[in-house]
Amino acid sequence: MWLKKKTKDRKMLEESRIAGSRSPTRIDQMVGEKIRELRTAQNFTLSELGQELGISHQQLQKYETGTNRLSAGMLASVARVLRVPIAELFQDTEGAAADKRDPVTEARARCHTLIDRTNSVVKLESMAKVLRALSSD
(Lines give C-alpha, C1' and ligand atoms only; values in the text may rest on other atoms or scores of the structure.)
Protein backbone atom coordinates (compact mmCIF):
# COMPACT_ATOMS: atom_id res chain seq x y z
CA MET A 1 0.00 0.00 0.00
CA TRP A 2 2.76 2.45 0.97
CA LEU A 3 4.69 1.66 -2.25
CA LYS A 4 1.59 2.27 -4.37
CA LYS A 5 1.03 5.70 -2.78
CA LYS A 6 4.69 6.65 -3.20
CA THR A 7 4.61 5.68 -6.91
CA LYS A 8 1.38 7.63 -7.42
CA ASP A 9 2.84 10.71 -5.66
CA ARG A 10 6.01 10.51 -7.79
CA LYS A 11 3.95 10.27 -10.98
CA MET A 12 1.89 13.33 -9.97
CA LEU A 13 5.10 15.25 -9.21
CA GLU A 14 6.57 14.36 -12.62
CA GLU A 15 3.36 15.45 -14.38
CA SER A 16 3.33 18.78 -12.53
CA ARG A 17 6.93 19.39 -13.56
CA ILE A 18 5.97 18.85 -17.18
CA ALA A 19 2.89 21.05 -16.88
CA GLY A 20 4.80 23.75 -15.02
CA SER A 21 7.83 23.65 -17.28
CA ARG A 22 8.81 26.95 -18.82
CA SER A 23 10.63 25.25 -21.68
CA PRO A 24 9.27 25.89 -25.19
CA THR A 25 6.86 23.27 -26.50
CA ARG A 26 6.13 22.06 -30.03
CA ILE A 27 3.31 24.64 -30.19
CA ASP A 28 5.80 27.41 -29.33
CA GLN A 29 8.01 26.20 -32.19
CA MET A 30 5.03 26.05 -34.55
CA VAL A 31 4.02 29.63 -33.65
CA GLY A 32 7.60 30.77 -34.22
CA GLU A 33 7.69 29.11 -37.64
CA LYS A 34 4.42 30.82 -38.54
CA ILE A 35 5.78 34.21 -37.46
CA ARG A 36 8.85 33.69 -39.65
CA GLU A 37 6.65 32.65 -42.59
CA LEU A 38 4.44 35.74 -42.23
CA ARG A 39 7.42 38.04 -41.69
CA THR A 40 9.19 36.89 -44.83
CA ALA A 41 5.96 36.95 -46.87
CA GLN A 42 5.56 40.61 -45.92
CA ASN A 43 9.23 41.38 -46.65
CA PHE A 44 10.09 42.34 -43.09
CA THR A 45 13.65 41.75 -41.93
CA LEU A 46 14.27 40.52 -38.40
CA SER A 47 15.47 44.02 -37.48
CA GLU A 48 12.46 45.78 -38.99
CA LEU A 49 9.88 43.57 -37.30
CA GLY A 50 11.84 43.63 -34.05
CA GLN A 51 11.86 47.42 -34.13
CA GLU A 52 8.08 47.52 -34.74
CA LEU A 53 7.62 45.20 -31.74
CA GLY A 54 10.09 47.05 -29.52
CA ILE A 55 12.45 44.07 -29.19
CA SER A 56 15.87 43.20 -30.58
CA HIS A 57 16.27 41.14 -33.73
CA GLN A 58 18.02 38.52 -31.58
CA GLN A 59 14.95 38.19 -29.35
CA LEU A 60 12.69 37.89 -32.38
CA GLN A 61 14.97 35.20 -33.78
CA LYS A 62 14.66 33.28 -30.51
CA TYR A 63 10.87 33.48 -30.80
CA GLU A 64 10.97 32.30 -34.42
CA THR A 65 13.20 29.33 -33.67
CA GLY A 66 11.13 28.35 -30.66
CA THR A 67 14.05 28.87 -28.26
CA ASN A 68 12.00 31.37 -26.23
CA ARG A 69 8.28 31.42 -25.57
CA LEU A 70 6.07 34.39 -26.47
CA SER A 71 3.83 36.03 -23.89
CA ALA A 72 0.17 36.66 -24.63
CA GLY A 73 0.91 40.36 -24.97
CA MET A 74 3.71 39.73 -27.46
CA LEU A 75 1.45 37.39 -29.47
CA ALA A 76 -1.11 40.20 -29.70
CA SER A 77 1.58 42.68 -30.78
CA VAL A 78 2.95 40.34 -33.43
CA ALA A 79 -0.54 39.73 -34.83
CA ARG A 80 -1.24 43.47 -34.89
CA VAL A 81 2.00 44.37 -36.68
CA LEU A 82 1.65 41.52 -39.18
CA ARG A 83 -2.07 42.33 -39.60
CA VAL A 84 -3.33 38.81 -38.97
CA PRO A 85 -5.77 37.39 -36.44
CA ILE A 86 -4.00 35.89 -33.41
CA ALA A 87 -5.51 32.51 -34.30
CA GLU A 88 -3.56 32.51 -37.57
CA LEU A 89 -0.32 32.34 -35.57
CA PHE A 90 -1.46 28.94 -34.30
CA GLN A 91 -2.18 27.44 -37.71
CA ASP A 92 0.24 24.70 -38.61
CA THR A 93 2.56 25.90 -41.37
CA GLU A 94 2.60 22.44 -42.99
CA GLY A 95 -1.20 22.27 -43.23
CA ALA A 96 -1.57 25.93 -44.11
CA ALA A 97 -1.82 25.39 -47.88
CA ALA A 98 -5.47 24.41 -47.57
CA ASP A 99 -6.22 27.23 -45.12
CA LYS A 100 -4.52 30.13 -46.95
CA ARG A 101 -6.13 33.53 -46.75
CA ASP A 102 -7.79 34.66 -49.95
CA PRO A 103 -5.64 36.59 -52.47
CA VAL A 104 -7.44 39.90 -51.85
CA THR A 105 -6.69 39.72 -48.12
CA GLU A 106 -3.06 38.84 -48.87
CA ALA A 107 -2.72 41.80 -51.28
CA ARG A 108 -4.30 44.17 -48.74
CA ALA A 109 -1.87 43.00 -46.06
CA ARG A 110 1.08 43.68 -48.38
CA CYS A 111 -0.26 47.18 -49.16
CA HIS A 112 -0.81 47.95 -45.47
CA THR A 113 2.73 46.82 -44.71
CA LEU A 114 4.17 49.19 -47.31
CA ILE A 115 2.02 52.07 -46.07
CA ASP A 116 2.89 51.40 -42.42
CA ARG A 117 6.61 51.46 -43.23
CA THR A 118 6.40 54.85 -44.95
CA ASN A 119 7.19 57.83 -42.74
CA SER A 120 7.13 60.59 -45.33
CA VAL A 121 3.89 62.58 -45.61
CA VAL A 122 4.72 63.43 -49.22
CA LYS A 123 5.17 59.76 -50.13
CA LEU A 124 1.99 58.78 -48.29
CA GLU A 125 0.00 61.43 -50.16
CA SER A 126 1.44 60.16 -53.45
CA MET A 127 0.44 56.61 -52.51
CA ALA A 128 -3.06 57.82 -51.69
CA LYS A 129 -3.35 59.50 -55.11
CA VAL A 130 -2.23 56.34 -56.90
CA LEU A 131 -4.64 54.19 -54.89
CA ARG A 132 -7.50 56.64 -55.56
CA ALA A 133 -6.75 56.57 -59.30
CA LEU A 134 -6.62 52.76 -59.35
CA SER A 135 -9.78 52.34 -57.28
CA SER A 136 -11.91 54.31 -59.77
CA ASP A 137 -11.91 51.37 -62.21
Side-chain angles (χ1 to χ4, degrees):
M1 181 75 149
W2 176 80
L3 184 58
K4 237 183 201 181
K5 181 169 178 15
K6 189 173 179 180
T7 305
K8 185 177 180 183
D9 289 344
R10 181 179 295 158
K11 187 174 180 180
M12 285 175 55
L13 179 61
E14 288 171 3
E15 288 174 0
S16 69
R17 280 189 204 142
I18 292 169
S21 173
R22 296 185 51 92
S23 301
T25 64
R26 176 64 195 128
I27 293 172
D28 295 313
Q29 292 169 342
M30 182 186 73
V31 169
E33 290 169 7
K34 188 66 174 183
I35 291 170
R36 177 181 290 139
E37 176 188 304
L38 291 166
R39 175 181 61 78
T40 56
Q42 295 184 25
N43 296 316
F44 271 112
T45 65
L46 279 167
S47 296
E48 289 170 336
L49 183 56
Q51 187 175 9
E52 290 287 325
L53 296 170
I55 60 174
S56 68
H57 72 276
Q58 294 97 334
Q59 182 62 44
L60 179 57
Q61 188 173 36
K62 289 178 181 181
Y63 290 149
E64 287 185 353
T65 59
T67 304
N68 286 8
R69 302 177 83 170
L70 284 92
S71 68
M74 184 55 67
L75 279 171
S77 295
V78 168
R80 179 185 48 78
V81 171
L82 294 175
R83 295 186 178 274
V84 296
I86 291 176
E88 188 165 333
L89 298 176
F90 291 92
Q91 290 181 351
D92 190 359
T93 55
E94 295 167 4
D99 294 336
K100 282 265 188 210
R101 293 190 295 172
D102 69 284
V104 172
T105 303
E106 293 287 337
R108 279 192 182 122
R110 287 192 300 276
C111 288
H112 283 289
T113 299
L114 293 171
I115 291 167
D116 289 344
R117 288 180 172 173
T118 305
N119 295 321
S120 165
V121 173
V122 173
K123 287 181 180 178
L124 285 168
E125 287 175 354
S126 295
M127 290 173 153
K129 287 178 185 176
V130 169
L131 290 171
R132 240 182 266 116
L134 290 172
S135 67
S136 65
D137 291 347

Self-check item: Gln59 side-chain N/O to Ser56 backbone N/O, donor-acceptor pair under 3.5 Å
Solution: no

Quiz item: Short question: side chain of Gln42, backbone of Leu82 - any donor-acceptor pair under 3.5 Å?
Solution: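 Yes; judged by distance alone, with no hydrogens or angles, the pair exists.
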
Quiz item: Hey, is Glu125 close enough to Arg132 for a salt bridge, meaning N to O under 4.0 Å?
Solution: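 Salt bridge flag = no for Arg132 with Glu125.
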
Could you state the interatomic distance from [atom1] ([X]) to [atom2] ([Y]), rounded to the nearest 0.5 Å?
{"X": "Arg117", "Y": "His112", "atom1": "CZ", "atom2": "NE2", "result": "14.0 Å"}
{"X": "Ile35", "Y": "Met30", "atom1": "CD1", "atom2": "CE", "result": "10.5 Å"}
{"X": "Leu49", "Y": "Gln61", "atom1": "CG", "atom2": "CD", "result": "12.5 Å"}
{"X": "Thr45", "Y": "Gln51", "atom1": "OG1", "atom2": "CD", "result": "8.5 Å"}

Just wondering, do [Y] and [X] contact through their side chains at under 4.5 Å, heavy atoms?
{"X": "Glu88", "Y": "Pro85", "value": "yes"}
{"X": "Leu70", "Y": "Leu89", "value": "no"}
{"X": "Ser77", "Y": "Arg80", "value": "yes"}
{"X": "Tyr63", "Y": "Ile55", "value": "yes"}
{"X": "Asn43", "Y": "Leu114", "value": "no"}

Quiz item: Just checking, is any N or O donor in the side chain of Thr67 or Thr65 under 3.5 Å from an acceptor N or O on the other one?
Solution: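 A donor-acceptor contact under 3.5 Å links the two side chains.
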
Quiz item: Looking only at heavy atoms, what is the nearest atom pair of Val81 and Leu53, with distance?
Solution: CG2-CD2, 3.8 Å

Quiz item: Which heavy atom in Glu52 sits nearest to a heavy atom in Phe44, and how many Å separate them?
Solution: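 Minimum heavy-atom separation between Glu52 and Phe44: CG-CE2, 4.3 Å.
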
Exercise. Inspect the surroundings of CD1 in Ile115 and state if more than 12 heavy atoms from other residues, nucleotides or ligands are less than 6.0 Å away.
Key: yes

Quiz item: So with a 6.0 Å cut-off around CZ of Arg108, is the heavy-atom count from everything else above 12?
Solution: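 At most 12 heavy atoms, drawn from other residues, nucleotides or ligands, come within 6.0 Å of this atom.
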
Quiz item: Which residues satisfy the salt bridge (charged side-chain N to carboxylate O under 4.0 Å, His left out) test with Glu64, sequence neighbours excluded?
Solution: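 Listed in chain order: Arg36, Arg39.
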
